[in-house]
Amino acid sequence: MTTRVIIVDDQAMVRAGFAALLAAQSDIDVVGEAPDGAQGVELSRRTHPDVVLMDVRMPEMDGLEAARRLLEPAPGVTHRPRVLMLTTFDVDDYVYEALRAGASGFLLKDAPPADLIAAVRVVASGDALLAPSVTRRLIADFAKQRPAVRGKHARRLKGLTERETEVLTLVARGQSNGEIAQTLVLAEQTVKTHVSRVLTKLDLRDRAQAVVFAYESGLVAPGE
């Protein structure tokens with residue numbers, strides 16, 4: 001199955017470089033490029049990509065607003081791509097807000113080419129790009145500054161079973177399904193089922209939002 005990708009970045013050289021790299025992969029098809037968020041949203045509406053590579057800072061409309069429009073579309077718009085944020089900074093308030101809006105993760109622009117290719121494939125598969133420790137640090141740092149949402153989120157946690165809460169905790173600590181299976185001595189398929197139920201019960205889009213939720217609810221404490 002081929003993954004359809006669009007690249008949204010205000011730097012033509014960046015777009016060209018990423019497009020050439022990704023288009024060389026047999027399982028990835030670059031279906032368009034855009035120089036700003038507004039054009040990126042319009043392009044996504046027309047081409048229906050599986051993954052959008054979205055720069056954080058751009059003129060006209062930044063990547064955060066564009067991600068929100070793609071992930072929380074207006075009534076009647078059914079297509080919602082996976083969004084992978086691109087940034088030159090390892091800790092960025094915009095990236096945190098994008099994760100809360102439903103972005104599937106972020107990647108530094110100077111990451112090795114193999115990391116970019118792997119990131120597109122990970123996000124396209126429905127998973128979130130949360131392995132880098134900087135992502136967890138970013139979420140933890142900003143979660144500490146948002147006590148107002150803690151009580152509301154904590155109440156929602158009560159709808160989870162004990163096992164689902166354990167699984168959510170390990171997801172927030174950056175463990176993969178395989179690692180969670182080993183930790184809890186469960187089959188990996190069972191872990192996938194628990195993760196799916198957690199996302200459904202908490203009305204979360206993917207693992208990225210689950211990690212944010214776990215920190216903001218106080219289930220996982222920053223620095224753990």
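Below, each value reflects all heavy atoms present in this structure, side chains not excepted, and no hydrogens, waters or symmetry copies. Being a predicted model, the structure only gives us computed values, none of them experimental.
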Inter-residue atom distance L168.CG - L157.CG, 0.5 Å rounding = 6.5 Å
Nearest-0.5 Å distance that lies between atom CE in M61 and atom CD in E42 = 11.5 Å
query = Going through the distances and angles, do E60 and Q39 end up as a side-chain contact (heavy atoms from CB on, under 4.5 Å)?
reply = CA-CA 9 Å; E60 304 300 328; Q39 293 185 55; over 6 Å; no
query = Do V198 and V171 have side-chain heavy atoms sitting under 4.5 Å apart?
reply = no
message = Please give me the minimum heavy-atom distance between T2 and I28, naming the atom from each residue.
response = CG2-C, 4.0 Å
message = One pair to check against side-chain contact (heavy atoms from CB on, under 4.5 Å): V56 and L64. What are the steps and the verdict?
response = CA-CA 6 Å; V56 172; L64 175 57; over 6 Å; no
message = Please check this pair: side chain of S44 against backbone of G40, looking for a donor-acceptor N/O pair closer than 3.5 Å.
response = no
note = For R156 and L204, the nearest pair of non-hydrogen atoms, with its separation, is NH2-CD2, 4.3 Å
query = Which atom names give the shortest non-hydrogen contact between V211 and A172, and what distance separates them?
reply = CG2-CA, 3.8 Å
key: Test applied, side-chain contact (heavy atoms from CB on, under 4.5 Å); reference residue, R82; option that passes from V5, D206, V52   = D206
ask   = Below 4.5 Å, heavy atoms only, C-beta onward: do L170 and E179 meet side chain to side chain?
value = no
query = Are any non-hydrogen side-chain atoms of R4 and D50 less than 4.5 angstrom apart?
reply = yes
message = Nearest 0.5 Å, please: how far is CE in M13 from CZ in F18?
response = 12.0 Å
task = Step by step, work out the side-chain contact (heavy atoms from CB on, under 4.5 Å) result for V41 and E65.
result = CA-CA 10 Å; V41 171; E65 179 58 29; over 6 Å; no
query = Judged by atom type as modelled, is there a donor-acceptor pair below 3.5 Å linking the side chain of R80 to the main-chain atoms of L71?
reply = yes
task = Indicate the atoms forming the closest heavy-atom contact of L199 with A210, along with that distance.
result = CD2-CB, 4.0 Å
query = Rounded to the nearest 0.5 Å, what separation is found between the CE atom of M54 and the CG atom of D62?
reply = 9.5 Å
inquiry  = R163 vs E166, test: salt bridge (charged side-chain N to carboxylate O under 4.0 Å, His left out). Steps then yes/no.
reply    = CA-CA 5 Å; R163 179 63 83 189; E166 289 178 323; 2.8 Å; yes
task = Quick one: which residue pairs count as a side-chain hydrogen bond (donor to acceptor under 3.5 Å, both in side chains) with a foot in residues 193-204, not counting sequence neighbours?
result = E164-K201
key: Side chain Q25, main chain L21, donor-acceptor under 3.5 Å   = yes
query = Between L84 and V122, is any pair of side-chain heavy atoms under 4.5 Å apart?
reply = no
message = Against T3, only a single residue in V120, V123, V31 fulfils side-chain contact (heavy atoms from CB on, under 4.5 Å); can you say which?
response = V120
Minimal non-hydrogen separation, A19 against E33, with atom names = CB-OE2, 3.5 Å
query = So L116 and L53, side-chain contact (heavy atoms from CB on, under 4.5 Å) or not? Walk me through it.
reply = CA-CA 10 Å; L116 172 64; L53 292 179; 4.0 Å; yes
key: Straight-line distance of T87 OG1 to L107 CG, nearest 0.5 Å   = 10.0 Å
task = Taking the side chain as every heavy atom from C-beta outward, state whether R207 and N177 have any pair of such atoms under 4.5 Å apart.
result = yes
message = Using side-chain heavy atoms (C-beta onward) and a distance below 4.5 Å, is F213 in contact with L202?
response = yes
ask   = Can you tell if the side chain of I6 reaches within under 4.5 Å of the side chain of V30, non-hydrogen atoms only?
value = no
message = Return the CD to CG distance between Q175 and L184, rounded to the nearest 0.5 Å.
response = 8.0 Å
task = Grab the two heavy atoms, one from L43 and one from G32, that are nearest each other, plus how far apart they are.
result = CD2-C, 3.6 Å
task = Keeping the roles fixed (side chain from D10, backbone from D36), state whether a donor-acceptor pair exists under 3.5 Å.
result = no
ask   = Counting distance only, does the side-chain N/O of H79 pair as donor-acceptor with the main-chain N or O of P49 below 3.5 Å?
value = yes
